[in-house]
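Each chain gets a letter, A, B and so on, in the order the sequences are listed, and its residues count up from 1.
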Amino acid sequence: MSLSGKFLRPQNRALFNTSPCATIRFRQHGCTHPLTSLQCGATLQSLTNTKSFKQGQQLHAHIIVSGTLEDNTYLSTKIAAFYASCGRMTQAQVLFDGIVLKSSFLWNFMIRGYACNGLGMRSLALYREMLSFGQKTDNFTYPFVLKACGELLLVEIGRRVHCEVVVSGFESDIYVGNSLIAMYVNFDDLALARIVFDRMLDRDLVSWNTMISGYTKHGKAREAFVVFDLMRKAGFNVDGRTLLSLLSACGCIQARNQGREIHGYAVRNSYRIYNKFLNNSLIQMYSDCNSMVDARRLFEGVQLKDTVSWNSMIAGYARNEDAVESLRLFCRMVMEGGRPDEVTVVAVLGACDQITALQFGMVVHSHIVKKGFNENNIVGTSLIDVYSKCGSLACSRNVFDEMPNKNLVSWSAMVSGYGIHGKGREAVSLFHEMVASDITPDEGVVTSVLSACSHAGLVIEGKEIFDRMAKDYNIKPGLAHYSCLVDLLGRAGQLDEAYKLIKTMEVNPTSDIWAALLSACRLHHNVELAEISSQKVFDMNPKAVGSYICLSNIYAAEKRWDDVERVRVMVRRKGFKKPPGCSFTELDNAIHRFLVGDRTHEQTYYIYTKLDDLKQRLKEAGYKPDTSSVYYDVEEEIKEKLLWDHSERLAIAFALINTSPGTTIRITKNLRVCGDCHNVTKFISKLTRRDIIMRDIHRFHHFSDGSCSCGDYW
DNA sequence: TTAGGGTTAG
């Protein structure tokens, strides 16, 4: 039969959201006569189960025209339930409002509809309305009310509903119990989740899975395995979801062998065929366990790669410090028709900031804008990060200013950006602006602002923020904060005060804090304190190779070659190796990498010729090599030659040859830039009239017209 | 006549 929209009452037209002249056809089992109420009910039931919206809507139209709906609470309820299960809450609400005798079934369906479609507040309001109407709740009501509380993180309301569950006697219902566990997991209250779990009289597989995944989600992998053991002892078999949680737990504690066992179990039991998530979870587990070869093998074996598979691989390479492979895979994803989403671009930006791939980052930024991903807060924060870590602080600030809903992490990223660029005053001012905007600081942002003070030598400002931490922001100073303060005082030459602080601080100093003091001793040539602090570092962390090298450098600067040799022997005996100096620069979307003394690049001849030319011109301009940066007891001439092998100079020479005059050069170095390279770069910036932005392991240096933004304070 | 737990990111 066919139905013309002109027969519909205005309120029903609204339900169909269609114009009066639209034609809706309904054919069910080839019938041409009105269906009975029971037939309609049965059909609606099956359409509700399969969420077949179009057919259900046509059946609704058929029921209206046939007159069956008039005063038929049974059918109206069925139709409202159908719309609610399809997430069409506007239509469901219109019908719901028109039903006088509302059953628990109807209320439950409405509460469920709102809770499952991102309208938790509406769901809770309806639950309150249900109670005030005197309608009895049942065991079907609570799972969705608890779901809404959990998703909205409404802790107080959630607890109140829990009380109501107890009072109404549904605590022993297995579904209600499982929903309570899930809600407390969402609240990050694993202790309460566990109490509910332990008190359950009956548990099913979902109870066990919810508890295991709860622990996993909050990084408590060992507890997850304990519950898993209990589950097996209780005679339960795993399903695909159990395996996913366990794999995630393996990744968390880098238990690759255990992960491999689960992988084997899944293959033997054909889980991979049935569970579309399992492959991605396995890829993720291997990448968390730093086993990218295994992750890649799995990834390449999957015929149908979805966005999550690509994302796991791209993020995996970035996390495992293979940013180049991460970017290469992203390009392949685009070429093969993959669909990058917000998660993809965040991972790609993470790879870009590791190797200062600014041009690549900018291409990704334009893709982000085109797709509207910039509305996403995490994406915005990643952009702030990538621009500041690639040396473009102004772009960083633009993104920050345009962010509609800045949160604590966005502010932190910007404060930290100013810090690593040596813009301490801007960082402090932004921090205060953040506090004035009613954003409560956390440990992280205070660490960032203290670090910014340290890079810029803002001793008074840094100490003031440190003193106000507990009082004004209710943050107890932790190790990271003490470390920043030691660094701040030490760099500024207040070594005794820094030493006193370590001896009197409220938490036990770690090797990192002593290492910060040791580093300050190198800057200010204090051998005596260096020996005390290095001994502390070695006692606490015998593998601190950087501190051995730092001590050796301190002796070398004083020309105490016997001591230098003594430290070197210690390092050799322990089998430590200092990572080789390595610099990157980006050209035409490709990353060029240079190791110290590198002669493998195809332009090697031109690079060294350029360096010879620069050396000559620099000397004419008054440059005198500072060989104190060479910690070997060799002839001055050899020391000077060693300096000119440093990787950052090779990268600068390469960039000078391959870019047009006036172009800004950007270099990234894996270690701290040495004193002579810093000086040479200042000279080069003046002689070649180039701005050179160099990122070392600690911070940025902006070289321009013969001087550096750090003001030689670094 | 209705229900609960699963993979990727700052």
Quick note, A:Phe140 side chain, CB onward, closest among B:dG10, B:dA3, B:dG6 is B:dA3
By the 4.0 Å heavy-atom rule, please label A:Phe144 as base, sugar-phosphate, or nothing. sugar-phosphate
Any side-chain hydrogen bond (donor to acceptor under 3.5 Å, both in side chains) pairs touching residues 327-350 of chain A, not counting sequence neighbours? A:Glu300-A:Arg332, A:Asn311-A:Asp341, A:Asn311-A:Thr344, A:Glu325-A:Arg328, A:Arg332-A:Glu336, A:Asp341-A:Thr344
Provide, to the nearest angstrom, the distance between the CG atom belonging to A:Asn139 and the C1' atom belonging to B:dT1. 13 Å
Contact list for DNA chain B against residues 377-389 of chain A - heavy-atom distance below 4.0 Å: A:Ile378, A:Thr381, A:Ser382, A:Asp385
Would you mind telling me which of B:dA3, B:dA9, B:dT8 lies closest to the side-chain atoms of A:Asp173? B:dA3
For a quick check of understanding: with a heavy-atom distance under 4.0 Å over all strands, which category does A:Ile181 fall into, base, sugar-phosphate or nothing? nothing
Interatomic distance where CG belongs to A:Asp341 and P belongs to B:dG10 [whole Å]: 13 Å
Of the non-hydrogen atoms in A:Ser123 and A:Phe144, which two are nearest, and what is the gap between them? OG-O, 4.4 Å
Which one, B:dT2, B:dG6, B:dT7, comes nearest to the side chain of A:Asn280? B:dT7
From the options B:dT7, B:dA9, B:dA3, select the nucleotide whose nearest atom is closest to the side chain of A:Val308. B:dT7
Which ring pair (Phe, Tyr, Trp, His ring centres under 6.0 Å) pairs, counting each pair once, include a residue from residues 309-332 of chain A, with sequence neighbours left out? A:Phe299-A:Trp310
A:Asp138 side-chain proximity, nearest of B:dA3, B:dA9, B:dT2: B:dT2
In this structure, how many angstroms lie between the C1' atom of B:dG6 and the CG atom of A:Asn186, rounded? 14 Å
Figure out the CG/P separation between A:Leu278 and B:dG6, and round it to whole Å. 15 Å
Decide, applying a 5.5 Å centre-distance limit and a 30° plane-angle limit (both strict), whether A:Phe277 stacks on B:dG6. no
What pairs with A:Trp411 under ring pair (Phe, Tyr, Trp, His ring centres under 6.0 Å), at least two apart in sequence or on another chain? A:Phe400
In this structure, how many angstroms lie between the P atom of B:dG10 and the NZ atom of A:Lys406, rounded? 21 Å
Per the atom types in the model, does the base of B:dG6 pair as donor or acceptor with the side chain of A:Asp239 at under 3.5 Å? no
Could you tell me whether the phosphate oxygens of B:dG6, OP1 or OP2, come under 4.0 Å of any side-chain nitrogen or oxygen in A:Lys217? yes
Are the ring centres of A:Tyr83 and A:His60 closer than 6.0 Å? yes
Identify the residue among A:Gln135, A:Glu164, A:Met130 that makes a side chain to side chain contact (heavy atoms under 4.5 Å, CB included) with A:Thr141. A:Met130
Interatomic distance where CG belongs to A:Asn311 and P belongs to B:dA9 [whole Å]: 9 Å
Looking for any heavy atom pair under 4.0 Å, which part of the strands does A:Asp306 touch: base, sugar-phosphate only, or nothing? nothing
Taking any heavy-atom pair under 4.0 Å as a contact, classify A:Ser245: base, sugar-phosphate, or nothing. nothing
Between A:Arg319 (CZ) and B:dG10 (C1'), how many Å, whole number? 14 Å
With A:Phe53 via ring pair (Phe, Tyr, Trp, His ring centres under 6.0 Å) - residues at least two apart: none
What does A:Phe109 touch in the nucleic acid at a heavy-atom separation under 4.0 angstrom: a base, only the sugar-phosphate, or nothing? sugar-phosphate
Could you tell me which residues satisfy ring pair (Phe, Tyr, Trp, His ring centres under 6.0 Å) with A:Phe140, sequence neighbours excluded, listed by chain and number? none
In whole angstrom, give the distance that lies between atom CD1 of A:Ile283 and atom P of B:dA9. 13 Å
